[in-house]
J.: 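Mind looking over this structure? Questions follow.
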Amino acid sequence: MPERPLIGAIEGGGTKTICAIGRSWEEIRDSEKFIVRTSSPEATSARIFDWMRDRSSGSVFSAIGVATFGPIDFATQRLSSTTPKTAWRDYSWPDAIRARFGDVKVVIDTDTNGAGVSEYRWGASQGCQVSVYLTIGTGIGGALLVDGDPIHGMQHPEFGHMFVPRVSDDSFPGICPSHGDCLEGLASGPAIGQRWKTGGAPLSPTHPGWELESKYLALAITNIVAVCSPEMIVLGGGIMLVDGLIEKIHFETKRQLGGYFSPGEFDLNISNYVVLPRLESHSGIIGGFALGLDAATTVA
Ligand SMILES: [Zn+2]
């Protein structure tokens, strides 16, 4: 049996960039990752590429997959000129990778699309014809997958920038530089920090702020159910690591759905419908692997 192709996987996050190399998703999950603080694209990618080169011990990469923060301009395969991370505007991962590793196949997609693909193939949403992956962390992003493929359309969906109604007397203005009080502006990690003036410290799991957070996320989930009719919604990202939050979201989501949708699916089994990632914190980097694997095994 021929050796499986060697794949490089890169997860480009807003605060840290992660890479790993391997020949299977399990190897990516279990092997050492290299993690650097996301600084300038040149400095960040140079350290990543050095590690990948050393780690590969002279083996040639069949493909490299990049799952990165966005937005991404797919026509040019570059980060968009509108990304709020100004140093990364118009940055081309494919050009940088080929300048270092030669004529290797490179696939780039959003970090949420990558994570959504990995959860479909090897994680929680296996077998779902239509599924949604949401990440709630420094930002809020989402992937809508049909038969395991994330839809792109005009660009790619931006679930975090949907609007949700205000909860009762909440007057926090929101922090999205483009929209103010969109979902990301109200419910992302930085929004929670500014709303409750935590000075960078995390809220304790018993803080009443989590009730409000669960209401906003439940409103977003209700919108997603109404528009996309997914068979499962996977909630990832650092905020979802908070003890008890998923249970609060289940309670609020069931309430918001109002019994309108199929009771058997949504009311009785909400905890099997809105779920945490089965690949846990590895969804993103395994997503990078999945992108690379597809490129390596696709005949051009
Ligand atoms: Zn926004």
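All of these numbers come straight from a predicted model, not from anything done at the bench. Note that ligands are numbered from 1 as they come in the structure, with each ligand's atoms numbered from 1 the same way.
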J.: Please state whether the rings of His161 and His179 are parallel, tilted or perpendicular, taking 30° and 60° as the class boundaries.
T.: perpendicular

J.: Can you see whether Asp149 engages Tyr120 through a side-chain donor-acceptor pair at a distance of less than 3.5 angstrom?
T.: no

J.: For the Zn ion (ligand 1), which protein N/O/S atoms are closer than 2.8 Å?
T.: His161 ND1, Cys176 SG, His179 ND1, Cys182 SG

J.: Answer yes when Glu3 and Arg23 have at least one side-chain N-carboxylate O distance shorter than 4.0 Å, and no when they do not.
T.: yes

J.: Aromatic ring centroids of Trp93 and Tyr91 under 6.0 Å?
T.: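 Centroid separation for Trp93 and Tyr91: below 6.0 Å.
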
J.: Enumerate the side-chain hydrogen bond (donor to acceptor under 3.5 Å, both in side chains) contacts for residues 203-215, please, sequence neighbours excluded, ordered by first and then second residue.
T.: Ser204-Thr206

J.: Between Asp109 and His156, is the side chain to side chain donor-acceptor pair (under 3.5 Å) condition met? List the steps.
T.: CA-CA 9 Å; Asp109 209 330; His156 47 77; over 6 Å; no

